[in-house]
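As structure tokens, the structure follows; a few thoughts come after it.
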There are 2 protein chains.
Amino acid sequence: MPTIATRRDGVETRQAIIDAALDLFAARGFEGASTRQIAQQAAVTQPALSYHFDGKEELWRAAVGALFDRLGESIARRLKGLAGVDDRTVATLMVRHFVEFSAVNPQLHRIIMQESTQPGPRLDWLVTTYVRPLYASAVEILERLRGGAPLPATSAAHLYYLLTGAGATVFVMAPECERLTGVDPFEPTFITAHADLVVEMIVASVTQEQP
Amino acid sequence: MPTIATRRDGVETRQAIIDAALDLFAARGFEGASTRQIAQQAAVTQPALSYHFDGKEELWRAAVGALFDRLGESIARRLKGLAGVDDRTVATLMVRHFVEFSAVNPQLHRIIMQESTQPGPRLDWLVTTYVRPLYASAVEILERLRGGAPLPATSAAHLYYLLTGAGATVFVMAPECERLTGVDPFEPTFITAHADLVVEMIVASVTQEQP
DNA sequence: GTCTATAATTAGATAGAC
DNA sequence: GTCTATCTAATTATAGAC
């Protein structure tokens with residue numbers, strides 16, 4: 001069956017390119033990551049990228065999309081096991097899940113941070129396509145933590161960046177953390193302890209914030 | 001006095017180049033920012049950069065150094081007015097000062113984040129030259145907040161990235177914040193409220209953390 | 001101290017063989 | 001579907017006039 005074999009090879013190559021692209025875009029930014037480096041890490045030649053993706057920008061979109069899909073599926077899987085659990089417990093477990101996902105997939109926040117420092121079409125696409133729904137979910141979780149009370153827009157912004165900043169930064173900056181503190185933030189015990197700290201912090205901040 | 005006039009012009013040009021370099025390195029990363037863009041924003045021609053700085057890397061070091069010097073002077077100025085104040089109050093005021101500096105100078109954490117996502121000589125230089133002393137000061141402040149009790153290395157790492165992540169992320173990602181939430185994080189009222197939130201959060205987390 | 005002109009390298013994208 | 005070879009444009013750095 002040459003057709004199936006050929007098609008499967010293509011899918012695998014495509015996936016290898018996406019994985020390499022995620023690592024390099026996250027580490028060096030869109031302009032900083034060259035298509036040659038991505039091809040080398042994926043163990044293909046550079047023109048192979050042009051065959052599978054219509055240009056560097058479309059490769060970036062495909063890679064970022066795959067990562068957000070991973071997050072969406074991860075959240076959906078986690079929620080499935082929480083039927084009948086009370087709102088506050090679900091909310092704290094989702095905060096914990098978010099921190100742990102950020103530890104396992106530091107590329108997500110690295111890419112969001114890279115693109116969020118300056119306006120541009122990639123940031124607009126990122127916000128409208130993926131970040132806005134994520135933000136809505138986060139605000140909903142924060143409101144559940146308050147016992148259902150709605151959050152004003154400004155408080156929501158404060159708490160969202162408090163949560164994402166406190167939860168993800170140490171993993172985004174893992175290479176610095178190791179050099180600076182001697183601690184490897186990807187150690188399972190560190191991840192768990194950090195999630196604990198962030199959960200307690202956000203619960204305290206949410207119940208405090210009532211303008 | 002042609003000598004003085006000439007020399008002063010050179011100093012001003014050098015400063016204009018550094019200011020432009022800070023903005024562009026912070027927004028687009030080291031590889032992403034081109035020397036032509038920096039020259040254009042500084043209103044000089046591209047070879048002028050080679051005259052004032054020995055290559056792109058040295059320009060980056062000079063710009064980053066100027067920014068950290070600004071932070072150091074800002075901290076020193078703030079500490080001068082706090083003679084005779086008790087440790088806990090000094091510590092909370094320093095946390096607040098840090099958040100406010102991050103709001104006025106978002107380039108600082110943008111550049112640190114850009115370089116901290118991957119190992120390399122620029123990260124090593126950044127950590128040994130500037131971030132390590134800053135980390136030592138931050139740990140000292142956190143210990144004062146605990147009433148003088150020393151912090152274990154792991155707890156220090158947790159709290160440092162909790163503080164810097166929660167305090168700076170919303171300003172680092174200001175363009176996203178505006179598009180996502182409709183809130184401008186550089187509004188003075190937002191900055192003050194965010195500093196309040198971070199101070200309360202870090203005080204609560206510090207007194208909680210005792211393994 | 002700053003400019004124009006340009007060298008040398010590297011980038012992303014394409015042509016065409018297999 | 002993947003390769004080698006190559007094109008065009010953009011990059012950093014330098015030479016030399018003023």
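Chain naming here is simple, since letters A, B, ... match the order of the sequence lines and numbering starts at 1 in each.
Heavy-atom contacts from other residues, nucleotides or ligands closer than 6.0 Å to CG of B:D124 number more than 12.
Regarding A:W60, its CH2 atom lies at a distance of 18 Å from the C1' atom of C:dG12, rounded to whole Å. Put simply, CZ on B:F53 is 12 Å from P on C:dG1, counting in whole angstrom units. To the nearest angstrom, C1' of D:dA10 lies 12 Å from NZ of B:K56. In this structure, A:I38 places its CD1 atom 11 Å from P of C:dA11, rounding to the nearest Å. Between A:I17 atom CD1 and D:dG1 atom P the separation is 11 Å, expressed in whole Å. With rounding to whole Å, A:E31 atom CD is found 12 Å from C:dA11 atom C1'. One can place CD of B:Q46 at 19 Å from P of C:dG1, the figure rounded to the nearest angstrom. Taking atom CG of residue B:L59 and atom C1' of nucleotide D:dA13, one finds them 13 Å apart after rounding to whole Å.
Taking 4.0 angstrom as the limit, A:T35 places a side-chain polar atom (N or O) nearer than this to OP1 or OP2 of C:dG12. At C:dG1, one or more side-chain N or O atoms of B:Y51 fall inside 4.0 Å of OP1 or OP2 (strictly under the cut-off). When the side-chain nitrogen and oxygen atoms of A:T13 are compared with OP1 and OP2 of D:dT2, one or more of them lie within a distance under 4.0 Å. Phosphate contact (OP1/OP2 of C:dA13, side-chain N/O of A:S50, threshold under 4.0 Å): absent.
In terms of position along DNA chain C, the nucleotide closest to B:T45 lies nearer the 5' end than the nucleotide closest to the other residue of the pair A:E57 and B:T45. Taking for each of A:R36 and A:V44 the nucleotide of DNA chain D with the nearest heavy atom, the 5'-most of the two is the partner of A:V44.
Residue contacts for A:A33: at a heavy-atom cut-off of 4.0 Å it reaches the sugar-phosphate backbone alone, with no base atom in range.
For the 3.5 Å distance criterion, the side chains of B:E176 and A:Y161 qualify, holding a donor opposite an acceptor. With 3.5 Å as the limit, one finds a donor-acceptor pair spanning the side chains of A:S74 and A:H97.
Here the straight-line distance linking atom CD1 of B:I18 with atom OG1 of B:T13 works out to 11.5 Å at 0.5 Å rounding. Between the CG atom of A:D23 and the OG1 atom of B:T117 there is a distance of 11.0 Å, given to the nearest 0.5 Å.
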